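By convention in this document, chain letters (A, B, ...) are assigned in the order of the sequence lines, proteins followed by strands, and residues within each chain are numbered from 1. Please read these numbers as outputs of a predicted model, since none were measured by experiment.
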Amino acid sequence: MISLGHFVALSTVLFCIGLFGVLTQRNAIRFLISIELILNAANINLVAFNRYLAPASAEGQVVSLFVIGVAAAASVVGLILIISIYRQRQSVFLDDFNLLKW
Amino acid sequence: MVNIAHFIPLFPFAAFWLNIIFGRRLGVASAYVAVGASAISAVLAWLVFQGLLSGGGSYTLTPWLTVNGHPITLGIIVDSLTVMMLLVVTVVGTLIQIYSIGYMGGDPRFSRYFAYISLFMSSMLGLVLVDNLFLLYICWEGVGLCSCLLVAFWYEKPAAAAAGIKAFITTRVGDTGLFLGILLLMSVGHSLRFSDMGVINAPEPLMALAALLIFMGAVGKSAQFPLHVWLPDAMEGPTAVSALIHAATMVAAGVYLVARCYPLFTAHPLALQTVAVIGAISAVMAASIACFANDIKKVLAYSTISQLGLMMLGLGAGGYTGGTFHLMTHAFFKALLFLGAGSVIHAVHTQDIRAMGGLFNKMKVTSLTFIIGALALAGVAPLSGFWSKDEILTAVWHHGNFGLFIAAVTTSFLTAFYMTRLILLAFFGEYRGAHKAHESPAVMTLPLVILAFFALFLGLIGSPWAHHAFQRFIAPAEGEVALDIGMAVASSVIALAGILTAFLLRGKFLEYKPGACPLIENKYYFDEIYDALFVRPFHWLAAAVARFDRERVDGVVNGISRCVQEIAQASRSLQTGLVENYLVAQAGGVFVLIVVLTLVGKLCHIF
Amino acid sequence: MSYFLTAIIFLPLAGAAFIALIPAAQVRSIRLAAVAFNTAVLAAAAVVALHFNVSAGLQFLEDRVWIPQANIHYTLGVDGISLALVVLTALMGLLAALASGCITKRVKEYFIVYQVLMTGLLGTFLALDLVLFYIFWEAVLIPMFFLIGIWGGPRREYAAWKFFFYTLAGSVAMLLGILAVYFSVVPHTFNMIEIARSSSMMPIAAQMVFFLMFFIAFAIKVPVFPFHTWLPDAHVEAPTPVSVILAGVLLKMGTYGLMRICIPFFPAAAVLFAFPLAILGAVNLIYGAFAAFAQTDFKKMIAYSSVSHMGFVLLGVAALNATGFNGALLEMFNHGVITGAMFLLVGVIYDRAHTREISAFGGLASVMPRYAFFLTFMSLASLGLPGLSGFIGEFLAMAGAFFRFPSIAVISAIGLIALVALFLVIIRKVLWGKPAAHAGYPDMNAVEIAVMLPLAALTLAIGFYPQMILQFQTYAVNALVGLL
Amino acid sequence: MTYSLNFISVELALVLGALLILMAAVFGAGRKTLGFAALATVMIAIFRLPATMPPGYPVFDGMLVSDTFGYGMRLFILLTVAMVVLMSLAYAWPQDEDMGEFYFFILVATVALNLAACAGNLAMVYLAVETLSIVSYVLAGYFKRDILSTEAGVKYFLFGALSTGLMLYGISLAYGLFGTLDMSFIGSRIAAGDAHGPALVVAAVLILAGLAFKASLVPFHMWVADVYEGAPWPVAAFLSVTSKALGFVLLARIFFSNAVVAVPFWSGVAPVIAILTMTIGNLAAFHQNSVKRMLAFSSVAQAGYIFAAMALGQAGLSTAFFYIAIYAFMNMGAFAAAAFLSPADAQLEAYRGLGRRAPVMAFLFSVFLLSLAGLPPLAGFMAKFFVISAAVEARDYILAGAVVLNSILGFFYYLKVIKAMYFDDETSVRECLVPWLGYLLVGGCAWGVIFLAIHPQAILDILALMFV
């Protein structure tokens with residue numbers, strides 16, 4: 001029987017993978033994917049806690065729906081920016097974005 | 001009639017400002033302004049003298065400053081010592097100023113000279129009039145300033161400039177002693193007035209120290225033993241200046257100070273003894289140097305130091321009247337000698353007595369007056385020098401200290417010796433100089449004659465024929481004074497012996513090879529010692545301090561700013577511009593925060 | 001008279017605003033406006049001096065609430081201690097404005113910044129609320145930074161930076177001190193009078209720490225020995241009128257602070273720190289004189305000499321008795337007048353010879369007799385010749401120090417002799433000797449003499465009748481001694 | 001319900017205005033008209049604000065909270081946005097930029113800001129912060145053709161996405177801990193002290209990450225310089241004043257108003273973060289030769305001072321927001337003046353000799369810089385003075401000493417700019433003409449800086465109401 005522990009474990013694992021992905025990626029697109037992982041880990045948490053801890057209200061699920069919507073908007077904007085910088089630098093590698101420094 | 005005394009210094013002071021501001025326009029008239037002012041002062045001094053005889057006394061004018069709760073008031077002291085000094089300063093001053101009209105004839109800064117002389121007169125007169133030590137110190141420094149300005153009057157000559165500064169600094173060293181004495185007296189005795197100088201009940205050693213410190217000021221000003229080096233160099237100034245300041249008045253201020261604070265010194269025998277010893281040393285040492293000096297003004301300068309030493313010896317040996325009497329007579333005949341020397345230099349344009357000779361028949365008046373002055377100085381019987389020097393010898397004899405008496409005797413002997421040597425070399429034999437010597441104009445010779453008159457007859461007022469009028473006038477409390485015939489004879493014998501030996505050795509004076517007696521010829525190497533001990537270390541220390549300041553202290557300041565800049569430079573390079581670094585930093589920050597907080601939570605076991 | 005002090009403080013600021021309206025081209029009218037406003041300030045200061053009741057403490061009091069939350073009041077007042085300094089500031093302000101003829105580039109900005117500086121200075125001496133005092137204290141920094149930085153000599157920026165950050169570091173320590181005192185006085189207040197009144201309650205340890213916090217700020221301004229290296233640079237690089245104000249007034253802010261804040265607020269600590277303070281005073285005196293002796297730049301010599309003159313003031317303050325305080329206050333006033341005059345004279349020679357190397361002068365007495373008179377007069381006043389005002393201040397300070405620490409007073413007597421040697425050497429190197437070939441300089445013109453005459457007259461007058469200044473101080477000084 | 005509608009009528013007006021402007025831009029309306037339209041929208045929103053009084057009623061059952069603190073902050077946000085719009089009206093935009101979207105984004109951001117200011121629920125906090133961030137990423141990268149601007153946009157996105165992601169995860173953990181996202185409920189649970197332990201710390205720190213990113217505190221401040229340098233001047237001003245203020249508002253709401261979570265957090269770690277922020281901000285700004293980057297780091301340092309006040313706990317809160325109010329005037333004025341003085345080239349050399357070429361604007365710019373540095377007669381000093389006196393009152397001498405020492409460091413680089421303007425003589429003779437609107441804005445800010453120095457009473461009374 002899947003209990004709350006499993007869900008929390010799953011979400012923590014997802015969160016760590018996403019975090020690891022964010023910190024080590026060279027490629028901007030892979031970065032976006034890792035961000036999605038983190039957001040979905042949070043969603044899992046929200047839904048699981050709603051189901052197991054506060055079944056009365058649907059607050060957790062409603063919020064996770066919102067999160068999905070907003071996450072989509074965020075990645076759209078992210079992609080726009082990455083495309084616009086790609087058009088200028090012909091590369092999406094994060095190391096190339098180093099004109100602004102010191 | 002006495003309380004007009006405080007106007008005496010004001011006239012020369014006004015003359016000073018007149019000459020300074022309108023000097024250029026007044027031209028020669030500035031001399032008349034100065035002479036007029038000091039003449040008026042002389043008349044006022046005479047009136048005050050009459051007032052004193054008819055029972056006048058000291059009086060105070062206004063409270064001036066309160067220090068440590070005790071008021072210092074501007075007071076005027078009118079007693080025999082002051083009046084004697086007033087008369088001496090004004091009379092000699094006026095005569096010398098008349099003389100310097102001729103002597104300073106063509107000088108471009110004629111009016112500036114008379115301005116300084118008037119300022120000197122006013123501060124000297126102020127010095128003898130004020131009734132407390134603090135105001136005396138003010139006039140004391142004023143006098144020192146004027147001596148520096150006048151010595152360095154021809155400041156184009158580097159030697160004159162250096163001599164002026166040397167004079168001011170050396171006297172200032174002494175004055176600092178006086179300054180500390182004043183502070184000590186104020187902190188212990190709470191009063192600086194001369195009248196209650198003797199009655200201060202304070203711990204013995206402190207009062208002795210105060211007396212010694214005050215004496216240190218006198219030593220500086222009267223060019224006594226340790227601080228005498230400035231007087232011979234001060235001869236760089238015009239001879240009239242040397243006559244007025246470095247012979248008659250200013251150098252006597254030291255003796256005046258000791259005489260004025262005499263109750264303080266007599267209350268502490270140790271202080272009195274030091275005065276005597278210092279006087280003796282200066283007298284003998286200066287006299288010995290004078291015997292070998294070849295510059296006419298240097299001879300007279302060293303003779304002044306030795307005569308002042310004699311006066312200090314007299315005072316130190318308890319002979320208050322002797323010291324003051326010699327002070328008065330010495331002022332006149334030493335001024336005469338200097339003015340005579342001035343007239344000689346004016347004629348032959350050289351100061352080296354070996355290049356003179358045979359002036360007697362060329363400059364009749366100057367030579368005659370000069371010889372009278374010399375005899376008075378040597379202490380030959382009827383002249384003024386004999387009476388006052390005899391007083392001192394009797395005082396030293398009664399004092400009982402045999403060493404001091406020997407010093408006094410040798411000084412008298414040497415004085416007679418070098419004065420005769422001077423006269424023989426300068427006025428007799430054949431003329432060795434290049435210039436055609438001619439007698440000085442009347443304006444210069446007239447003061448010589450008047451001074452010669454004083455040199456001849458001034459002594460008599462202290463002689464038994466005038467039943468010791470001067471002694472009774474100067475120290476009424478000391479009771480009857482008798483002339484010690486034996487001592488009078490002895491001093492005459494000593495004087496004649498001195499003259500005789502000089503007469504016998506006259507042949508050897510000219511072919512005397514310099515270097516035969518290096519110690520005395522080089523003036524006991526005082527200048528070199530002081531230079532090595534004080535001047536050079538002072539410069540070295542100043543340079544060291546400036547370098548320390550520039551490198552060390554500034555170094556620290558610049559160091560701090562440089563290291564702050566370095567830290568800033570380092571922290572700036574944290575911004576690498578690479579996104580990964582930023583993300584790692586952020587995630588790292590979160591991780592560190594979590595770890596720290598859980599630890600902190602565990603520590604204060606909140607969880 | 002309730003608004004009089006505010007008028008005095010903000011009159012120069014009004015002048016600045018007025019000058020801002022004048023077009024930059026009309027240089028003459030700008031200078032006239034500046035002189036006019038400064039004369040008005042001097043007149044106002046004179047009125048205050050005339051109406052000053054000699055036997056009363058604080059007068060012309062103004063007390064308005066400024067920020068109730070932080071209990072900050074706009075309090076002004078003048079008493080024996082600050083009166084002489086206010087008059088000095090007004091006087092030097094006017095004379096420096098008159099002597100600003102040598103400023104030719106960006107004259108309009110110069111006078112605007114100059115007037116702001118004057119406001120800051122006047123405010124510092126009149127403020128009785130600690131925060132108000134701090135605000136005016138810091139308000140002086142920026143104008144000085146501009147004055148030295150824009151119109152200064154070759155290394156002006158280094159000097160401006162150094163001056164700014166040195167003083168800022170000190171005043172920041174003072175800010176902490178002010179707040180610490182605010183919170184340790186039971187009825188929390190910034191008012192200096194109340195704090196002084198309730199100063200005995202503070203524990204001795206707290207008093208000592210707060211004393212040091214304030215002392216650092218004032219020591220840098222005085223300047224005291226280890227913190228003095230900004231002074232020579234600032235003086236050498238500042239234009240003449242600015243260095244007149246710097247020497248004439250700015251150095252007094254430090255010693256004024258010592259007497260207004262450090263001594264009355266922390267009497268127990270003051271007694272404990274009296275001996276070190278006296279030692280610092282003696283070191284200042286001797287160190288300054290020796291360092292000055294070895295300098296080759298004429299202006300740097302005068303700068304170091306004012307370090308040693310401030311040594312006298314420190315000795316006076318360290319004496320913690322009526323004579324010492326009187327001497328310190330009088331020496332502050334005299335030093336302002338005399339060293340201000342000396343810097344004006346250095347400016348006169350610099351305008352003609354365009355160099356400050358003392359070896360370049362010589363024999364000027366025959367070339368410029370009037371200049372020679374004034375330089376000799378002022379040098380003698382600086383070396384403390386009795387009969388001139390310099391001596392009276394030094395005498396009282398030394399007397400005060402002697403009563404309390406005789407050994408230190410004796411040691412600092414060496415400084416006296418060194419000072420004499422220093423100024424005589426200055427006279428010899430500049431005035432005496434044969435005039436150099438090219439030294440055909442014109443003598444002092446009318447404006448320069450007009451500026452020098454009041455200073456010389458004041459020096460002579462105080463020298464002959466010191467009661468003129470001392471009468472104002474006695475009440476305040478006795479009150480101060482009463483607190484110890 | 002009607003009260004709730006009334007409450008969000010401010011936001012509705014803004015949204016309506018934004019949409020209208022977008023439509024007008026599509027139909028080719030002029031740049032000036034769009035600007036004034038945006039300004040009008042903000043004015044209307046401000047007039048709607050009183051309608052949200054009186055405070056105290058729940059809005060949308062807890063999602064938003066109506067209290068005087070929220071009311072005050074919404075007024076602050078609307079005023080600062082009005083300033084930003086005024087600045088962008090007067091700013092010399094490159095010719096080919098169409099301004100419609102710009103004003104649209106600004107207004108949307110304002111809506112998000114207002115909602116965040118009075119958020120009562122953690123979900124609302126996340127939603128508001130996320131929408132604000134999305135809009136800010138686009139604003140930061142507004143100059144599509146300028147490589148610096150796009151890089152700024154991307155960097156801001158990458159950094160922002162991570163931090164909001166972390167915040168969301170924190171919120172989900174909090175939801176797990178307390179079973180609800182309503183902040184007042186969470187606060188009372190924590191106050192009762194029944195939920196604590198490492199989990200709470202992790203949740204708190206993760207939420208803090210999101211907010212600290214907005215408020216640019218130390219570990220999360222790396223993005224500031226690069227984004228400000230790349231972004232156009234008005235956006236940099238907007239980010240440095242309004243969104244930074246929002247960061248502090250949310251910090252106050254979550255970590256202060258009711259929850260006393262992580263007590264060790266405040267007394268132990270917060271002062272360290274504050275000191276680090278100040279010091280690193282000041283030190284990094286030392287050697288900048290671009291005025292924009294220097295101002296960016298100075299805003300980080302100022303954030304440090306604000307957080308120092310907050311680190312003193314409940315007592316320091318009103319001082320912190322007093323500082324924020326004055327900071328808004330100073331910083332907005334400084335950014336505006338810097339923008340008008342040399343719009344294209346932000347290097348220090350471009351500012352040389354401006355003291356003569358544009359005397360009034362240069363003088364005002366110096367006033368702002370000196371006020372930021374904390375020179376006494378100006379409001380900046382008053383703000384710093386209150387912070388230091390709060391620190392000394394709380395016996396936290398280390399913090400007080402740090403603020404004092406940092407203000408010395410601050411003087412160094414602020415003076416460097418003033419030195420360049422007044423001491424050095426100019427290199428380029430480019431005439432600097434500023435429209436009257438610009439003078440209105442900069443003059444207004446200068447008046448604020450000087451008036452608030454003389455009479456800080458005006459703000460102190462409002463703050464007393466807000467933190468009753």
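For the atom pair B/Arg172 CZ and C/Ile417 CD1, the distance stands at 8.0 Å (nearest 0.5 Å). Residue B/Tyr155 holds its OH atom at 15.0 Å from CZ of C/Arg428, rounded to the nearest 0.5 Å.
For C/Phe395 and B/Tyr137, the gap between ring centers reaches or exceeds 6.0 Å. Here the two rings, on C/Phe391 and B/Phe134, have centers that are under 6.0 Å apart.
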**Report entry** Stepwise salt bridge (Lys or Arg N to Asp or Glu O under 4.0 Å) check, B/Asp554 with C/Lys162
**Finding:** CA-CA 10 Å; B/Asp554 243 356; C/Lys162 190 171 186 179; 2.5 Å; yes

Report task. Apply the test side-chain contact (heavy atoms from CB on, under 4.5 Å) to residues C/Trp432 and B/Ile165: give CA-CA distance (whole Å), side-chain angles for both, the deciding distance (0.1 Å), then the verdict. Result -> CA-CA 11 Å; C/Trp432 294 348; B/Ile165 290 181; 4.0 Å; yes

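When all heavy atoms of C/Ala413 and B/Leu180 are compared, the pair lying nearest together is CB-CD1, 4.2 Å. When every heavy atom of C/Tyr287 is checked against every heavy atom of B/Val553, the shortest pair comes out as OH-CG2, 4.2 Å. In terms of heavy atoms, B/Trp64 sits closest to C/Gly463 at CZ2-O, 3.5 Å. Nearest heavy atoms, B/Glu156 versus C/Lys434: O-NZ, 3.3 Å. The shortest non-hydrogen separation linking C/Leu470 to B/Leu65 is CD1-CD1, 3.1 Å.
Contact of C/Ala399 with chain B is made through backbone and side chain together, with heavy-atom distances under 4.5 Å. Both the backbone and the side chain of C/Leu383 come within contact range of chain B, judged by heavy atoms closer than 4.5 Å. With a 4.5 angstrom heavy-atom cutoff, C/Asp233 touches chain B only via side-chain atoms. Heavy atoms of C/Ala418 lying under 4.5 Å from chain B belong to its backbone as well as its side chain.
Ranked by heavy-atom pairs shorter than 4.5 Å toward chain B, the options C/Pro226, C/Ser366, C/Ala292 are led by C/Ser366. For the set B/Met186, B/Arg552, B/Arg550, the entry with the most heavy-atom pairs within less than 4.5 Å of chain C is B/Met186. Among the candidates C/Leu424, C/Leu431, C/Thr323, the residue making the largest number of heavy-atom pairs closer than 4.5 Å to chain B is C/Leu424.
Considering only heavy atoms from C-beta on, C/Gln467 stays 4.5 Å or farther from B/Pro63 through its side chain. Counting heavy atoms from C-beta on, the side chains of B/Asp549 and C/Tyr304 come closer than 4.5 Å. Side chains of C/Phe165 and B/Val564 form no contact here, defined as non-hydrogen atoms less than 4.5 Å apart. Between B/Leu184 and C/Phe402, some side-chain heavy-atom pair lies under the 4.5 Å cut-off.
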